[in-house]
Amino acid sequence: MSVFEKYVEKQKAAAPATPEEPSRSLKDILADKADSQVFGKYLEEEGEEDLAASLATGELSADQLEELAGPKRLEFLKLMERSERILETLDADMLKELVSISPDLAKIVNIAGPEGIQSALRRYLPELVILYRDRFEDLEENILNIQEKQKEAAESDKAILDICKEYNITEAQYVELLEGKGDAAEIAQKLRSSKGFWERRGLSVATLEKKLKDQVAADKLAFQDLKNEIDFERKRIALSLRTSFRGTDQLREAMILNLRGEALPKQEVLMSFSEMKKENDAKPTEDQVKKDWEKWVADNSIDLDDPDTDLVAKRAEFAEQYANRRAAGKKGGFWSTIFQGIFQGTIVSMLESMPATT
Amino acid sequence: MIIPAQLRDELLALIEKGDEAAARAFVIDHLKEFPQESQDAIIMSLVEEAVAQKSADEDLVHEYRAEGMAAADQLNKLKHDVDVAAQAAEIKGQ
């Protein structure tokens, strides 16, 4: 069970019992061309090539219909529900946030609008959950993490506001403090050059503690100086924390840029450009592809001399399977997708340059 | 998904040069020329990428806030200790 599924189970357990939505029947699935095609891909992934082939031709026996209507349909529908839940979370508000951190998505929104992105996701998510389960589960976990962290942030907003109230911190003060002029990168630069916030924290607290110990014989004024110093540090922390509020978009963006730059390395969960380049350099030779193609043709009892054999479709099918095998266990993301498109296209081109028949 | 031959050749030339920014820009600028299925896969991958980045950013903000609040609490306790020490010094001085 994935982390996301566990979360959904937990939510269900916490929520009052509601009647289950009736699942789509086999008839409903078969009546919908897109659903039926995705169901076929699911069956292929499950190693049920015969069932998938019968489904594609529409020539299903009574036994096959019975088999499809049982656990296979239910498992398939569960996967579809997971993809639908993810689609729901990728709503207009979430897309707006994603667009703000992805210039490429912003360009696409300018061309196709948010509806264009949502339509693409609606068409592609069922394929992602079936063919690239690892990538789908990473996506689920990341979305869940965003939701949980945002929920926690909403709760900690109150505590931060309390400290801000204690020091009468106004919005104008933290904008002024960070000289909120210019773009986020400029502000980030200023944050970075202001000695950082938290790396100095340990030092400042330790210094203050030491000063306290040294004040045993000090006069009243020295104690007041120490309290003022502590207050100054607390106020500085409160001001800094205030920048992490939603609604202070530019400052929040600057703060994130600053943190990305100093605190932690960017998590490399997706295939990088150089990894993709390396994968592309290691593509198989024409001889290897030829051998694998001939084996695949033989294993699937395909008669290349038969005029009814759709050679273009068969080449595409082989290339897709070949590319999927190559992608298995690899990282996802933009460059992974591009690599797959290049790889699959290259395999088709290699096959087209070979003699068509045996 | 399949990237058609002409687009693939142009893209591969940029990849061979090692020009990541130009290769990315090429894909985005020519997205409409890709088959529908490939367009969908590319948009999905960009969303996947942005979601991963956002998730990592939320972790950073969370850590930043948690450390900041902990520091503020620590300083608050220290302020209390100063008060206690000041009172003790005052009593001692009387």
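Only this structure's heavy atoms are used, side chains among them; waters, hydrogens and symmetry mates stay out. The model shown is predicted, which means the values in this text are computed figures rather than measured ones. Chain letters run A, B, ... following the sequence lines, proteins first and then strands; every chain starts at 1.
- Annotation: the span from A:Ser349 atom OG to B:Ile2 atom CD1 amounts to 8.5 Å, rounded to 0.5 Å.
- In the displayed structure, B:His80 atom NE2 is contacted under 6.0 Å by at most 12 heavy atoms of other residues, nucleotides or ligands.
- Distance check: B:Glu58 CD to A:Lys151 NZ gives 14.5 Å after rounding to the nearest 0.5 Å.
- The parts of A:Asp157 that come within reach of chain B are both its backbone and its side chain, each placing non-hydrogen atoms under 4.5 angstrom from that chain.
- Between B:Ser45 and A:Thr337, the shortest heavy-atom distance links the atoms CB-OG1, 3.2 Å.
- At a 4.5 Å heavy-atom cutoff, B:Gln39 makes no contact with chain A through either its backbone or its side chain.
- The nearest pair of heavy atoms linking B:Arg65 to A:Leu241 is CA-CD2, 3.6 Å.
- Shown here for A:Phe334 and B:Leu46, the closest heavy-atom pair between the two residues is CD1-CD2, 3.5 Å.
- For A:Leu98, the parts lying near chain B are the backbone and the side chain together; criterion is any non-hydrogen pair under 4.5 Å.
- When all heavy atoms of A:Leu270 and B:Ala52 are compared, the closest pair comes out as CD1-CB, 4.0 Å.
- Side chain of A:Gln344 to backbone of B:Met1: a donor-acceptor contact under 3.5 angstrom is found.
- Rounding to the nearest 0.5 Å places CZ of A:Phe273 at 10.5 Å from CZ of B:Arg24.
- B:Asp19 touches chain A through its backbone: at least one of N, CA, C or O sits under 4.5 Å from a heavy atom, while the side chain does not.
- Contacts of A:Ile111 classified as side chain to side chain contact (heavy atoms under 4.5 Å, CB included), with partners at least two apart in sequence or in another chain: B:Lys32.
- With a 4.5 Å cut-off on non-hydrogen atoms, A:Asp281 touches chain B through its side chain but not through its backbone.
- For the atom pair CD (B:Glu48) and CG (A:Leu121), the distance works out to 10.5 Å, reported to the nearest 0.5 Å.
- Here the side chains of A:Ile342 and B:Ile15 are in contact, with some heavy-atom distance below 4.5 Å.
- With chain A as the partner, the residue from B:Leu31, B:Leu7, B:Val27 showing the most heavy-atom pairs under 4.5 Å is B:Val27.
- Summarising the geometry, atom CD1 belonging to B:Ile43 is positioned 9.0 Å from atom OG belonging to A:Ser119; distances are rounded to the nearest 0.5 Å.
- A donor-acceptor contact shorter than 3.5 Å is absent between the side chain of A:Arg123 and the backbone of B:Asp40.
- Summarising the geometry of A:Asn142 relative to B:Ser55, their closest heavy-atom pair is OD1-OG, 3.2 Å, with the distance given to 0.1 Å.
- When each of B:Lys54, B:Glu37, B:Glu49 is scored by its heavy-atom pairs under 4.5 Å with chain A, the top score falls to B:Lys54.
- Ranked by heavy-atom pairs shorter than 4.5 Å toward chain B, the options A:Glu127, A:Glu320, A:Arg122, A:Gln150 are led by A:Gln150.
- Annotation: side chain of B:Asn76 is in contact with side chain of A:Arg234 (closest heavy-atom distance under 4.5 Å).
- Proximity to chain A (any heavy atom under 4.5 Å) is shown, for B:Ala66, by neither the backbone nor the side chain.
- Chosen from A:Ile160, A:Ile347, A:Val348, the residue pairing most often with chain B at heavy-atom distances under 4.5 Å is A:Ile160.
- For the set B:Glu20, B:Gln36, B:His62, the entry with the most heavy-atom pairs within less than 4.5 Å of chain A is B:Glu20.
- When all heavy atoms of A:Ile163 and B:Ala72 are compared, the pair lying nearest together is CD1-CB, 3.7 Å.
- Taking NZ of A:Lys235 as the reference point, atom CG of B:Leu75 lies at 15.0 Å (rounded to 0.5 Å).
- Contacts with chain B were tallied for A:Thr346, A:Leu90, A:Leu128, A:Leu125; A:Thr346 has the most, counting heavy-atom pairs under 4.5 Å.
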